[in-house]
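What follows is a single structure, written as structure tokens, with notes after it.
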Amino acid sequence: MRIVTTIAELKTAVAQARKDGLTVGLVPTMGALHNGHLSLVNKACNECQFVVVSIFVNPTQFNNPDDLRTYPRTLDADTALLSNNTKANVVFAPSVEEVYPEPDTRQFSFGAIAEVMEGKYRPGHFNGVAQVVSKLFMFVEPDKAFFGEKDFQQLAIIRKMVADLQLNIEIVPCPIVREADGLAVSSRNTLLTEQFRSVAPHIAATLRASVEKMKELSPKQTIEWVTNQINSFGGLEVEYYSIVDGLTLQDIANWNDTNYVVGCITVYAGKVRLIDNICYKK
Ligand code: PAF
């Protein structure tokens, strides 16, 4: 596995792979790698012959400077994890100056799917994600790119960007990986104190329990029930819980409004912001 830090080295490595007739997969990450990332990389290695993993904490997608400052950065551990557990070919770990030699002034507009949930609570976040992912797509020009379903709205935004830019890249969704106690695996979990780590599994457990509740409650009542349940566990505070059409990401009023219904949640466990989601029907 090679570690490169410049776009020129990255392009040379990918060009050689192309010359050798290999299919190319890309797994964009912000590092602090965990089993969730490993599952993306291993899926990429099963489906593509040459796999690039990018590790870059992208400043333009953080709307909270503290969040950017405290985001875990563990490059040595990340590269060791990748080389011991995957067949990834290249790690691209650029500096901020390499990716943004000039400030990126591009403004993406994704319409209604970007205005709800994370789009509402983290203004500018998806513009930053689109800035960096579009650059990575230009640098690597992969056949396939792999994204986790934990970031459900991000996946929808990336798909829309690929459609809008008419890129010939297949976006491959990868299922949420969970700890044994149900907590969705996330780089942010390492920031949880023991106290918050012990209550955090109630998020996933409550979402799971809410699937049973849908028989007797409307979507609005289910949102209230989930929010009250989770807030009742000391230290957890729901920022939002939305039950949406899985394609348009717009709120639904009735379970029968659409065939694909997903609940997306953000919860503060102390200062750590956790996200998760559950599919009610598809
Ligand atoms: O999901 C993430 O880790 C990031 O948003 C991504 C896609 C790597 C872009 O920085």
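Both backbone and side-chain heavy atoms feed into the values below; hydrogens, waters and symmetry mates do not. The shown structure was predicted, so the numbers you read here are calculated from the model rather than taken from an experiment. Order of listing sets the numbers, starting from 1, for every ligand and every atom in it.
Donor-acceptor pairing under 3.5 Å is lacking for the side chains of Gln229 and Thr206.
Of the possible polar contacts, one joining the Asn277 side chain to the Glu149 backbone as a donor-acceptor pair under 3.5 Å is found. Although no hydrogens or angles enter the test, the distance criterion places a donor-acceptor pair under 3.5 Å between the side chain of Glu98 and the main chain of Ile7.
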Report every pair formed by an N or O atom of ligand 1 and a protein N or O atom separated by less than 3.5 Å, giving atom names and the distance to 0.1 Å.
from, atom 1, to, atom 2, distance (Å)
ligand 1, 1 (O), Gln154, NE2, 2.8
ligand 1, 5 (O), Gln61, NE2, 2.9
ligand 1, 5 (O), Gln154, OE1, 2.7
ligand 1, 10 (O), Gln61, OE1, 2.6

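In this structure, the separation between CZ on Phe146 and OG1 on Thr29 is 14.5 Å, given to the nearest 0.5 Å.
Side-chain contacts under 4.5 Å among hydrophobic residues (ILVMFWY), followed directly or transitively, place Ile176 with no other residue at all.
No side-chain heavy atom of Tyr241 sits under 4.5 Å from any side-chain heavy atom of Val267.
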